[in-house]
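Right, one structure below, let's go through it.
First listed ligand is number 1; within each ligand, the first listed atom is number 1. Small disclaimer: the values here were computed from a predicted structure and weren't measured.
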Amino acid sequence: MSTETKNKDILRGGQFLVKETPCEDVFTLEDLTEEQKMMRESTKEFVDRELWAHWERFEKKDYAYTEECMRKAGELGLLSVAVPEAYGGMGMGFVSTMLVCDYISGATGSFSTAFGAHTGIGTMPITLYGTEEQKQKYVPRLASGEWFGAYCLTEPGAGSDANSGKTKAVLSDDGKYYSITGQKMWISNAGFCNMFIVFARIEDDKNITGFIVENNPENGITLGDEEKKLGIHSSSTRQVFFNETRVPVENMLSERGNGFKIAMNALNIGRIKLAAACLEAQRRVLNEATKYANERIQFKTPIMNFGAIKAKIADMATNAYVDESASYRAAKNIEDRIAIRESEGNSHQEAELKGVEEYAIECSILKVAVSEHVQHTTDEGIQIFGGMGFSADTPMESAWRDARISRIYEGTNEINRMLAVGMLVKKAMKGHVDLLGPATAVGEELMGIPSFDTPDFSQLFSEEKDLVARMKKVFLMIAGSAVQKFGPDLEQHQMLLQSAADILIQVYLAESTILRTEKNAKRFGEEAQATQIAMSKLYLYRAVDIVIQKGKEAIVSFAEGDEQRMMLMGLKRFTKYTNQPNVVALRTQIADKVAADNGYTFD
Ligand SMILES: Cc1cc2nc3c(=O)[nH]c(=O)nc-3n(C[C@H](O)[C@H](O)[C@H](O)COP(=O)(O)OP(=O)(O)OC[C@H]3O[C@@H](n4cnc5c(N)ncnc54)[C@H](O)[C@@H]3O)c2cc1C
C-alpha cells in the first residue's frame with residue numbers, strides 16, 4: 001500500500017466519531033506477531049517470578065525491592081522497548097511498547113507506577129524533545145536501568161493547573177547555567193532516581209520551561225519523607241526541594257517557554273500507557289476471583305454457581321475485553337501514524353510526537369475508561385472474596401487500593417473528560433474533523449419523519465453496528481447544539497461536558513469491541529468467538545444505558561420547550577433496540593466460559 005493511500009485510509013484522531021471503520025482496519029490483540037507474543041510471554045514470566053511471587057513485599061513498603069526489580073527489568077531490556085536503537089534501546093513500535101506496559105503492570109501498582117514514571121514521563125521528554133547531545137548522554141543510561149528518571153511537574157499550588165507552578169529558573173550572570181529554586185510534590189521515583197525532568201518558570205514567562213536535572217544532593221536538592229499513601233505502598237513518592245540548584249544551560253529541554261507543551265505531550269503518551277497499565281491488573285484480579293469462586297463452597301455449592309457471582313464475573317471479563325480492544329486499536333493507529341510521518345521525511349522524534357498528539361482524544365478516553373474499569377473490577381474482586389477480600393492476606397485488598405491512583409494521576413479523570421470533548425471541538429474548528437456536516441445532518445434527520453420499515457438485522461452485529469452509528473448521532477446532536485448555544489463559553493458548562501465525554505467514551509469502547517470481535521469472527525468463525533460475541537453485545541447494552549442516562553442529563557441542562565422535546569425524542573430513537581438482548585443469558589454464557597477456563601482466556 002502506498003503511503004498516500006495508507007494516509008488516506010487511517011483514521012485521524014477523533015474521526016472515529018464521524019467515520020465508519022471496517023473491521024479489517026482495526027488492530028486487535030489477535031494480530032500480534034510471533035515476536036510480540038514472545039515478548040508478552042517473557043514479560044509475564046518476569047512478573048510472575050519477581051513481582052507476583054513477592055507481592056507482600058510491595059505492601060510492606062519495601063522500596064528497595066521496587067528498585068531492585070526495576071534494575072532487573074532493565075537487565076532484561078524491558079525498560080528500553082520504546083527507546084530508539086541509536087540510544088541503546090530496542091526501538092520497537094508503539095504496540096510493543098503498550099504490550100510490555102500492559103503485561104508488566106498487573107501484579108502490583110507499586111512497580112507499575114515506578115515503571116511508568118521511569119519509562120514514560122521520566123524518559124520520553126528527552127527522547128521526544130532532547131538535543132542529540134542530551135539523548136546521547138542520558139537515554140542509554142535510562143534505557144538500561146543504570147539510571148532512573150522522575151518527572152517534577154506538580155507543586156503544592158499547581159496540580160491540575162500545571163502551568164501555574166512557582167518554581168523559578170534564573171540564568172546566571174555568565175549565561176552558563178540556570179539556578180532552579182522551588183518545591184515539587186508527589187514525585188514518583190524521587191527516592192531512587194538519578195535524574196529529574198523539572199519544569200520551572202524563567203522570569204515572568206507565560207509558560208514554564210523544561211530542564212534535565214541530575215540528582216545530586218550537593219547541588220541544593222533535598223527530598224521530603226516518603227508520603228503515606230492509600231495504595232502503591234512501595235512506589236517511592238516524595239516532595240523534591242530545589243534550592244539554587246545549578247543546571248547547565250545545555251540541559252534545557254527544547255526551547256524556553258516550551259515546557260507546558262512538553263509536559264502535556266508527555267502526558268498524552270502517559271495516558272494511553274496508563275490505560276495499558278490497567279489491563280493486566282483486571283485480568284489477574286479476574287483470574288484470582290474466578291479461582292476463588294470455583295473453590296469456595298457455600299450452601300454446599302461453589303459460589304460460582306450463584307447468578308449474583310456470575311453477573312460480576314461476566315462484567316469483569318467484559319470490561320477487560322473491551323479495554324483491550326480499544327487500547328490496542330488506538331495503539332496501532334498511533335504506530336501507523338508515526339510510520340506515515342517518518343515515510344514523509346519526519347525524524348522519528350518528530351513523527352512520534354505528532355503521531356501521539358494526533359490521537360490525544362483517544363488517549364484521554366482510554367485513560368478515563370480503563371482506570372474506572374480497573375477500579376470496578378478490583379472492587380468486585382473484593383466482593384467475590386467476601387470477608388477474605390477485605391483481608392490484607394489476599395491480593396484483592398491491595399489491588400483495590402492500588403487501582404485508586406489511576407483516576408488521579410496523568411491528569412484527573414475530570415480533566416481528561418473535559419479534554420476529550422474540548423480537543424474534539426477544537427479539531428472541528430480547525431477543520432481536522434468534520435463535525436459540523438454530520439451534526440447538521442443529524443439535525444435534519446430529527447426534523448424528518450422516521451422510517452417505519454423493519455430493518456434487516458440478520459447479519460452478525462448488524463443491529464449492534466447500527467446502534468453504534470446512532471450513539472454517534474446522540475453525541476453529534478448534543479455537542480452540535482451545545483456548541484451552537486454556548487460557543488466558546490462551552491468550557492464553563494462542565495457538567496454538560498462530563499456527560500458528553502461519557503457518551504464519547506461509550507461510542508469508542510463499544511465500537512472498538514464490536515469491530516475486534518467481527519474481525520475475529522470472520523477469520524476464526526462465529527462459534528470460536530461465541531463468548532466474545534456475547535461480551536460485545538453485553539457491553540453495547542451497558543453502553544446504550546449510559547448514553548441514555550447521560551444524554552438526558554445533557555439535553556435537559558440546556559435545551560427547553562420544543563427543542564428539548566425534539567432532542568429527547570431523538571435520543572429515544574437513536575438508542576432504540578429492535579431486538580432487546582437477553583443480558584441475563586449473555587452474562588450466564590460469559591461467566592460459564594470464564595468459570596470453565598478458570599480465568600480470562602481472551603487475550
Ligand atoms: C501517588 C501519586 C504519584 C504522583 N506522581 C507524580 C509525578 O511523578 N510527577 C508529577 O509531576 N506529579 C505526580 N503526581 C501528581 C498528580 O499528577 C496530581 O495529583 C494530579 O494532577 C492532580 O493534581 P492535584 O493533586 O493538585 O489535585 P487538584 O488539581 O487540586 O484537583 C482536586 C480535584 O479538583 C478537580 N479539578 C481541578 N481543576 C479542575 C477544573 N479546572 N475543573 C474541574 N475539576 C477540577 C480535580 O479533578 C480533582 O478532583 C502524583 C500524585 C500522586 C497521588
Can you list the ligand 1 atoms lying under 4.0 Å from a non-hydrogen atom of Met418?
42 (N), 43 (C)
Protein non-hydrogen atom found under 4.0 Å from atom 30 (O) of ligand 1
no
Heavy-atom side-chain proximity of Leu128 to Ile269 below 4.5 angstrom
yes
State the atoms of ligand 1, each with its element, that fall below the 4.0 Å cut-off from a heavy-atom position in Glu414.
46 (C), 47 (O), 49 (O)
In this structure, atom 39 (C) of ligand 1 is nearest to the protein heavy atom Ile415 CD1, 3.7 Å
Report yes if the side chains of Phe115 and Leu79 come closer than 4.5 Å at any heavy-atom pair, otherwise no.
yes
Less than 4.5 Å apart, side chain to side chain, heavy atoms only: is that true for Phe475 and Val547?
no
Would a 4.0 Å cut-off, counted as strictly less than, catch a protein heavy atom around atom 7 (C) of ligand 1?
yes
Which of the ligand 1 atoms, numbered from 1, are nearer than 4.0 Å to a heavy atom of Tyr151
7 (C), 8 (O), 9 (N), 10 (C), 11 (O)
Starting from atom 26 (O) of ligand 1, locate the nearest protein heavy atom and write down its residue, its atom name and how far away it is, to 0.1 Å.
Gly159 CA, 3.1 Å
Got an N/O contact under 3.5 Å between Thr154 and ligand 1?
yes
Got an N/O contact under 3.5 Å between Ser188 and ligand 1?
yes
Exercise check, heavy-atom protein proximity under 4.0 Å to atom 33 (C) of ligand 1
no
So, does Asn219 use its side chain to make a donor-acceptor pair with the main chain of Thr245 at under 3.5 Å?
no
Is the closest N or O pair between Tyr409 and ligand 1 shorter than 3.5 Å?
no
Donor on one side chain, acceptor on other, Gln349 and Lys135, under 3.5 Å
yes
Would you call Glu227 a ligand 1 contact, heavy-atom distance under 4.0 Å?
no
Close side-chain approach of Val474 to Ile548, heavy-atom, < 4.5 Å
no
Any side-chain donor-acceptor pair under 3.5 Å between Asn268 and Asn265?
yes
Does Thr412 reach ligand 1 with a nitrogen or oxygen that is under 3.5 Å from one of the ligand's nitrogen or oxygen atoms?
yes
Run the numbers for me: atoms of ligand 1, each under 4.0 Å from some heavy atom of Leu153, listed by number.
11 (O)
Nearest protein heavy atom with distance in Å, relative to atom 20 (C) of ligand 1:
Ile408 O, 3.8 Å
Scan side-chain atoms only and decide if His376 and Glu372 contain a donor-acceptor pair under the 3.5 Å cut-off.
no
Option nearest atom 13 (C) of ligand 1 (shortest heavy-atom distance, choices Trp186, Phe196, Phe199):
Trp186
Sub-3.5 Å N/O-N/O distance, Glu410 and ligand 1
no
CH2 (Trp400) with more than 12 external heavy atoms under 6.0 Å
no
Using a strict cut-off of 4.0 Å, indicate which atoms of ligand 1 neighbour a heavy atom of Ile232.
1 (C)
Quick one: sort the Phe196 and Phe242 rings into parallel, tilted or perpendicular, breaks at 30° and 60°.
perpendicular
Please identify which atoms of ligand 1 are closer than 4.0 Å to at least one heavy atom of Ser160.
23 (O), 28 (P), 29 (O), 31 (O), 37 (C), 38 (N)
Any protein heavy atom lying closer than 4.0 Å to atom 15 (C) of ligand 1?
yes
Whether the Arg246 and Asn216 side chains hold a donor-acceptor pair (N or O, under 3.5 Å, no angle test) is what I'd like checked.
no
Shortest heavy-atom approach to atom 53 (C) of ligand 1 - which of Thr113, Ile405, Val198
Ile405
Numbering the atoms of ligand 1 from 1, which are under 4.0 Å from a heavy atom of Gln494?
40 (C), 42 (N), 43 (C)
Using the side chain to side chain contact (heavy atoms under 4.5 Å, CB included) rule, pick out the option among Asn319, Val322, Leu509 that qualifies with Arg542.
Asn319
Identify which one of Arg283, Glu280, Lys44 satisfies the side-chain hydrogen bond (donor to acceptor under 3.5 Å, both in side chains) criterion when paired with Tyr103.
Arg283
